[in-house]
Amino acid sequence: MKYINTKNIKEKASFKQAVVQGLARNKGLFMPEMIPVLDASFFSQMLDLSDIEIASKVLYPFAKESIEWSDFQSILKKTLVFPIPLVPVAPDVYALELYHGPTKAFKDLGARFMATCLSHFTDTKQKVTVLVATSGDTGSAVAHGFYQVDGVEVAILYPKGKVSPYQEHQMTSLQGNIRAIEVDGTFDDCQTLVKEAFADEFLNKEMKLSSANSINVARLLPQMLFYFFAWKQIRKLTENPIVISVPSGNFGNLTAGIIARKMGLPIKRFIAANNANDTFHLYLKSGQYLPKSSCSTYSNAMDVGAPSNFERLMHLFDGDHNAIQNKIHSYSIDDKQTLGEIREVFQRNNYTLDPHGAVGKICLDKDLTKHETGIFFETAHPQKFGNIVRMAIPDLPDNKVDLSACKKTSIGNNYCEFFDLLVP
Ligand SMILES: *Cc1c(COP(=O)(O)O)cnc(C)c1O
């Protein structure tokens with residue numbers, strides 16, 4: 001399997017190149033040049049297969065030219081180390097809990113898979129330095145995914161005072177090969193510093209740089225497993241057609257769902273659950289894609305005004321607006337509805353939603369019809385967004401974090417200081 005560049009489909013790369021390089025030329029995104037379709041027999045046997053067996057069948061075609069089978073098995077064993085349970089919430093409505101990984105958000109799976117792949121591709125003589133700018137969730141997942149991975153050093157830049165204590169703890173408590181750098185600026189400033197480093201010729205001669213942002217195919221593709229694991233669990237419970245609601249920001253998770261469906265997974269349709277950042281929702285309605293700047297909401301990991309995977313979705317549907325409307329429905333939910341839903345579901349169903357899952361569930365309830373069964377993705381643990389969940393459920397225990405043993409480096413918003421840290 002080769003990978004093409006969405007900006008120039010004649011430019012081809014191997015899985016290894018796509019993972020190590022991250023972004024294709026001219027800011028294009030890598031995409032598999034074709035999506036293999038799995039045999040019908042796989043789906044009939046899937047209920048008896050282990051998670052590792054399912055993952056091998058689904059993901060190996062995308063990596064096999066760059067990784068030996070036995071190495072791929074050990075990558076999967078290191079990746080799939082936490083459960084992904086399907087939990088009943090209301091009649092015909094289930095939550096797929098994606099938050100049982102080390103940083104309690106769904107990004108853990110993709111970050112771990114990418115870290116183990118990158119380490120496999122790195123020769124130990126020259127270390128790779130992974131640079132990542134984060135507003136919170138990505139940084140913590142990457143920190144834990146890359147922790148103690150041979151041959152990889154990580155520098156995480158986050159905006160001072162703008163991440164939650166919980167997220168800060170997850171980024172600063174590990175140390176070792178993980179360096180947390182607090183920047184006196186905004187998330188955009190952090191991103192600019194990282195981009196400057198990538199463009200710095202001198203720095204690129206001194207060290208091998210790589211990025212771990214969500215556009216990397218090694219973070220995108222393993223997310224297909226959520227849909228396969230969901231299907232395996234729901235098929236034991238019902239024969240109804242399945243609808244899946246995905247709380248969306250950059251649309252990596254939903255894009256993985258569309259690829260899973262192209263491989264033959266029988267999902268009837270998807271729901272793109274948006275908060276007030278409704279760029280995609282408006283695109284579905286009007287056919288016009290008008291990216292804008294983001295606004296802050298309670299479900300802040302979805303505060304994205306220009307979703308980076310939009311281009312991949314266009315590619316998968318050949319830009320056919322009708323086809324997209326057919327397979328993906330969407331809604332935009334505000335903060336008041338989100339809090340109301342957290343409160344109600346707690347009282348009525350005795351289930352605690354996080355703000356992102358709450359947006360997903362509201363959208364599912366709006367869309368689901370009779371004789372269908374719905375699944376919404378619970379993308380973060382409610383405790384991770386405890387300050388918001390407690391506005392709806394005041395009795396939720398407050399798990400305070402202890403930052404006293406944590407270590408971070410503080411820099412101003414300026415490239416020279418960042419450079420000096422990287423090249424002492
Ligand atoms: C990143 C994130 C999302 C959005 O996922 P995308 O793949 O960017 O659409 C949703 N919920 C949580 C908790 C996240 O961390």
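In this chain, numbering begins with 1 at the start of the sequence shown. All ligand and atom numbering here is 1-based and tracks the order in the structure.
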Those residues with a heavy-atom separation under 4.0 Å from ligand 1 are Phe106, Lys107, Asp137, Pro247, Ser248, Gly249, Asn250, Phe251, Gly252, Asn253, Ala301, Met302, His356, Thr379, Ala380
Of all residues at least two apart in sequence or in a different chain, which pass the salt bridge (Lys or Arg N to Asp or Glu O under 4.0 Å) check with Arg235?
-> none
Do the side-chain N and O atoms of Tyr147 and Asn177 include a donor-acceptor pair separated by under 3.5 angstrom?
-> no
Got a sec: does the CZ of Phe121 have more than 12 other heavy atoms crowding it under 6.0 Å?
-> yes
With sequence neighbours excluded, residues passing ring-ring contact (aromatic ring centres under 6.0 Å, His included) with Tyr415 | none
Quick one: salt bridge (Lys or Arg N to Asp or Glu O under 4.0 Å) partners of Lys7, sequence neighbours excluded?
-> Glu311
Are there more than 12 heavy atoms of other residues, nucleotides or ligands under 6.0 Å from atom CD1 of Ile9?
-> no
